[in-house]
Enquirer: 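This is the structure I want to talk about, given as structure tokens.
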Amino acid sequence: MSITNNLKNIKQSLPENVTLIAVSKTKPVSDLMEAYETGQRIFGENKIQEMAEKHEEMPKDIQWHMIGHVQRNKVKYMASFVSLIHGMESFKLLKEINKQAIKHERVIDCLLQIKIAEEDSKFGMSPKEASDILQSQDFSALKNIRITGVMGMATFTENTAQIEKEFKLLKSTFESLKELNTENCQLQTISMGMSGDYQLAIACGSTMVRVGSSIFGKRN
Ligand SMILES: *Cc1c(COP(=O)(O)O)cnc(C)c1O
């Protein structure tokens, strides 16, 4: 199947309220351009430098989402253009994003990454940590970031019941954090679901799915 066909099929299967992020990490610009020609305008990358290079080369109406682990010393390379950062996992990182956003006189939208998987290898904060941060004075002082939702990754397993349990945890975390509506925190997005589990994620309340290999094929 071609990228165009894959993309069309997936788009058709998504409910209207679900946004599709085409995860293009490791893929060449020619592959991304094929998706672009099909109408895709949101791409997800997990390395800041790779995303910055692709942003340079590609049309400027693309929205670039950083979906990977963010190193603080590299935030400056994406601060001018990144459209959404999915992996906010500490207050320190939020502070750095805010600092870089000020330099570019913009507000950067971010999702808090919640650790829903049992695996230790996955990043993220606990629901309690997220709630504490959002209610802190220090957080309300960060005027150049806006928290617009939560993101999570389920355990890498065949056990559907376990994945479902983790997705439901993210959904309920979202619902409780949503109450804390402040100037720089307006939750509307639940980023969960990848190629292998996005249908289940949508059934559990996802509003944003990050799909890579089902569009672009396997990565090396
Ligand atoms: C790579 C990646 C994806 C996409 O994974 P696929 O299984 O190829 O769809 C989604 N989310 C994150 C955070 C990723 O790093």
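Remember, it's 1-based here, ligands and their atoms both numbered in the order they're listed.
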Enquirer: Could you list the atoms of ligand 1 found under 4.0 angstrom from a heavy atom of Met153?
Expert: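 Per the distance check, 13 (C).
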Enquirer: Say whether His86 and ligand 1 are in contact under the criterion: heavy-atom distance to a ligand atom below 4.0 Å.
Expert: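 Flag not set, His86 not near ligand 1.
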Enquirer: Is Lys168 atom NZ crowded by more than 12 heavy atoms from other residues, nucleotides or ligands, each under 6.0 Å away?
Expert: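 Counting other residues, nucleotides and ligands, NZ of Lys168 stays at 12 neighbours or fewer.
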Enquirer: For atom 13 (C) of ligand 1, what's the nearest protein heavy-atom neighbour? Residue, atom name and distance, please.
Expert: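 Here the closest protein heavy atom is Ile67 O, 3.5 Å.
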Enquirer: What is the nearest protein non-hydrogen atom to atom 14 (C) of ligand 1, stated with its residue, atom name and distance?
Expert: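 Answer for atom 14 (C) of ligand 1: Lys25 NZ, 3.0 Å.
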Enquirer: Over all heavy atoms of both residues, which pair between Glu45 and Met51 is shortest? Give the atoms and the distance, please.
Expert: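 Closest approach of Glu45 to Met51: CB-CB, 3.7 Å.
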Enquirer: Can you list the atoms of ligand 1 that are under 4.0 Å from a heavy atom of Arg210?
Expert: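 Listed by number with element: 4 (C), 9 (O), 10 (C), 11 (N), 12 (C), 13 (C).
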Enquirer: Among protein heavy atoms, which sits nearest to atom 9 (O) of ligand 1, and what does the distance come to when rounded to 0.1 Å?
Expert: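 Among all protein heavy atoms, the one nearest atom 9 (O) of ligand 1 is Ser195 OG, 2.5 Å.
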Enquirer: Would you please name every residue forming a salt bridge (Lys or Arg N to Asp or Glu O under 4.0 Å) with Glu37, sequence neighbours left out?
Expert: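 Counting only residues at least two positions away or on another chain, Glu37 forms no salt bridge (Lys or Arg N to Asp or Glu O under 4.0 Å).
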Enquirer: In the structure I gave you, are the side-chain heavy atoms of Ile42 and Ile62 within less than 4.5 Å of one another anywhere?
Expert: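 SC-SC contact between Ile42 and Ile62 ruled out.
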Enquirer: Does any N or O atom in Val23 lie less than 3.5 angstrom from one in ligand 1, N or O only?
Expert: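 It does not: no N or O of Val23 is found under 3.5 Å from an N or O of ligand 1.
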Enquirer: Search all heavy atoms of Ile21 against all heavy atoms of Phe43 and return the closest pair with its distance.
Expert: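 Distance-wise, the nearest heavy atoms are CG2-C, 3.9 Å.
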Enquirer: Classify the ring geometry of His65 against His86: parallel below 30°, tilted from 30° to 60°, perpendicular beyond 60°.
Expert: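 If you compare the ring of His65 with that of His86, the planes turn out tilted.
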Enquirer: Please list the nearest protein heavy atom to atom 5 (O) of ligand 1 with its residue and the distance rounded to 0.1 Å.
Expert: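 It is Met194 CE, 3.6 Å.
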Enquirer: Any atoms of ligand 1 less than 4.0 Å from a non-hydrogen atom of Val211? List them with their elements.
Expert: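 Listed by number with element, the hits are 9 (O).
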Enquirer: Within 45 degrees of the ring normal and closer than 6.0 Å to the centroid, is that where the cationic atom of Arg41 sits relative to Tyr36?
Expert: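 Checked: cation-pi criterion met.
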